[in-house]
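Here the structure is laid out as C-alpha cells; the discussion comes afterwards.
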Amino acid sequence: MANSEKNIEIVLSKQALDLSACQAFVESPDCGGLVHFVGTVRNHTKGLKVLSLDFEAYEPMAISEMRKIAEQAVEIFSIRKIAIHHRVGLLQIGEIPVIISVSSHHRKAAFEACQYAIDTLKETVPIWKKEILENGEVWVSATP
Amino acid sequence: MANSEKNIEIVLSKQALDLSACQAFVESPDCGGLVHFVGTVRNHTKGLKVLSLDFEAYEPMAISEMRKIAEQAVEIFSIRKIAIHHRVGLLQIGEIPVIISVSSHHRKAAFEACQYAIDTLKETVPIWKKEILENGEVWVSATP
Amino acid sequence: MITVKLLCFGITKDIIGTFEKSLDVSVGCSVYAFLTKLKQDFPELERLNSLRIAVNEEYVQDTFVLNHRDEVVLIPPVSGG
Amino acid sequence: MITVKLLCFGITKDIIGTFEKSLDVSVGCSVYAFLTKLKQDFPELERLNSLRIAVNEEYVQDTFVLNHRDEVVLIPPVSGG
C-alpha cells in the first residue's frame, strides 16, 4: 500500500522494506544531508529470547497517522523530503519493521526530523507487535 | 582501502560508496536501531552552480582520524558498531562522498553518535574538496 | 438507540474475543460512557497501560459523542517501529 | 641542520607550488618557527582561515620540535563529508 506526494512517501507493506528505495526517494540534487533510521527485530527483550515478531496495523489510520507525522516533520524542521515505510505481518530476527528517511539542506534538521518521526511513530501510529517467545506470545507494552 | 575490526569499519575509497554494505556491517541481532548519515554532492553553493567536486585526502592520516572518531563514538555513546566510509576523487552531483552508519541498543544513542561522527569528521579528518564551478575552481572553506 | 461498529486490535481482540462486533448504544452516548460500559463487561481492559479510542480513523476525546454507523476502534498501547 | 619532508594538501599545494618538497631546518626548530619562516616565504598562507600542522600523521602543537626525516604536512581548513 503506497501513497506519495511531491515530498512525502508513506508505505505500509507486507513485503520486505527496501533502504535503497527510501534513499532514492529522498535524495535530491539540492540537498547535502540524508538521514535514515532503520529499525530491526531484536533477538531478545527483557532477558527473554525472541523468535519472531508479528505486526498488526489498523491500516487506514496507520497510514493517515504516518502522513501526519511526515507533514509535521516537514513543517517543524523545514526538511526537503521524508519517507516513512512500515512493515506488517510476521518478521524474523534481523528483518526490518520500519525505515524513516529524511533529506534536508542542513544535516542537523535531518537528524532532528528523523528522530522526531520515529519517536512520534512509536507513540501515535496504530500498529501493534506481538513477540513470539519460546514459551508463548506477548503483546508488547500492552500491560505492566 | 579498507580496515576493519570487530565493531568498527573504516573505508577510504575511489569507488562509489555502498549504503547496503554499511547496513550489512552495522546490523546486529541484538540491536534495535540503526542510523545512517549519507552525504550527497549538492548542485549549488552560495548561489553558484556546482558542476562537480574533487576530493583529496592525506590518506593514512584520514584513515587514522576516522578510526579515532569511530573509537570515540563507541566510547562516548556505548554504541554497538560504526562504519565510516569516505570517497576520494572526482564526484558528480548526487554522488555520495560519505556514509556514516551506527547501530545501537538504544536509538537515541545511535542518532547522537552518528551526528557526533559527521560533525567531528568535518572538523578533523584531513580531506579537502574543490568545487568545480562554471567559472573556475574553489577549495571549500579555505579562505574567507 | 444507534448502532456502531467496534474494531478490536492487538491485545483488545484477545480480551473482547472478537475482532469486529456491532453494538447498540444510546443516542448521545459519549466515548467515556461507551468505555465505562465496555470495561464493566470486560474488566481485563482495566489492566492495559492505556486505552485510546479512534472514531472513523481519528483519535477522539472522552467527550466525543458517537453517531449511528460510527467505526469505533480500541487502541491499546501501540508498539510500532 | 636536519631535513624534513613537507607535504602540501588542498589550497596549500597551489600556494607552495608543489605537493612535496624537502626542507632543511635548524636542529631544535619548533613547528611555530617552521610556520613563521614558511609564511614569510609564502605570504598567501596568511589568507587561510586556519592552518594546522601534522607530523607523521598526527596533529601537533606549535611547540612541537621537528626531527630529522619528519613528514611535515600542511593542513589547511578541511572540508570532507
Side-chain angles (χ1 to χ4, degrees), chain A residues 17-24 26-45 47 49-53 80-81 91-119 121-122 129 131 140, chain B residues 17-24 26-45 47 49-53 80-81 91-119 121-122 129 131 140:
Chain A
L17 303 186
D18 181 353
L19 181 57
S20 305
C22 292
Q23 166 80 19
V26 297
E27 68 188 359
S28 168
D30 61 353
C31 284
L34 277 61
V35 174
H36 304 279
F37 175 79
V38 180
T40 53
V41 175
R42 290 165 63 166
N43 62 1
H44 68 281
T45 179
K49 187 175 171 191
V50 175
L51 302 179
S52 58
L53 284 183
R80 179 76 179 77
K81 291 186 181 179
L91 275 73
Q92 304 305 317
I93 305 303
E95 285 199 276
I96 297 175
V98 64
I99 300 177
I100 298 181
S101 301
V102 174
S103 61
S104 172
H105 300 292
H106 302 288
R107 69 180 182 279
K108 186 164 182 289
F111 276 107
E112 288 175 347
C114 192
Q115 195 164 2
Y116 168 83
I118 182 61
D119 288 352
L121 181 148
K122 284 171 177 279
K129 62 176 166 238
E131 290 167 345
V140 174
Chain B
L17 303 186
D18 181 352
L19 181 56
S20 305
C22 292
Q23 166 80 18
V26 297
E27 67 187 0
S28 169
D30 60 352
C31 284
L34 277 61
V35 173
H36 303 279
F37 175 79
V38 180
T40 53
V41 174
R42 289 167 63 166
N43 62 3
H44 68 280
T45 180
K49 187 175 171 189
V50 175
L51 303 180
S52 57
L53 285 182
R80 180 75 180 75
K81 291 187 180 179
L91 274 73
Q92 305 304 317
I93 305 304
E95 285 199 277
I96 297 175
V98 64
I99 300 177
I100 298 180
S101 300
V102 175
S103 61
S104 173
H105 300 289
H106 300 289
R107 67 180 183 279
K108 187 164 182 291
F111 277 107
E112 288 175 348
C114 193
Q115 195 163 4
Y116 167 83
I118 181 63
D119 288 352
L121 182 148
K122 285 172 177 276
K129 62 178 167 235
E131 290 166 345
V140 173

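Only this structure's heavy atoms are used, side chains among them; waters, hydrogens and symmetry mates stay out. Note that the coordinates shown come from a computational prediction; the quantities given were computed from them, not determined experimentally. Residue numbers begin at 1 in each chain, while the letters A, B, ... track the order of the sequences.
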*asked:* Holding to side chain to side chain donor-acceptor pair (under 3.5 Å), I want the full list of residues that pass it with A:Q92, two or more places apart in sequence or in another chain.
replied: none
*asked:* Run the side chain to side chain donor-acceptor pair (under 3.5 Å) test against B:T45 and tell me which residues pass, sequence neighbours left out.
replied: B:E131
Engaged part of [X] at the chain A interface, taking heavy atoms whose separation is under 4.5 Å:
X	result
B:S20	side chain
B:I96	side chain
B:V98	neither

*Ignoring hydrogens and angles, tell me if any N or O in the side chain of B:T40 forms a donor-acceptor pair with the backbone of A:S28 under 3.5 Å.*
no
_Using heavy-atom distances under 4.5 Å, tell me whether A:V102 contacts chain B through its side chain, its backbone, both, or neither._
neither
*Closest approach of A:I93 and B:P29, non-hydrogen atoms and distance?*
CG2-CB, 4.0 Å
*A:D30 and B:R42: which non-hydrogen atoms are nearest, and at how many Å?*
O-NE, 3.8 Å
*Within a radius of less than 6.0 Å around NE2 of A:H44, do more than 12 heavy atoms belonging to other residues, nucleotides or ligands occur?*
yes
*Nearest 0.5 Å please: distance from the CG atom of B:L34 over to the NE2 atom of A:H36.*
11.5 Å
*Measuring from B:Q115:CD to A:C114:SG, what's the distance to the nearest 0.5 Å?*
11.0 Å
*asked:* Using side-chain heavy atoms (C-beta onward) and a distance below 4.5 Å, is A:E27 in contact with B:V38?
replied: no
*Once the angle between the rings of A:F111 and B:F111 is folded into 0 to 90°, is it parallel (under 30°), tilted (30 to 60°) or perpendicular (over 60°)?*
perpendicular
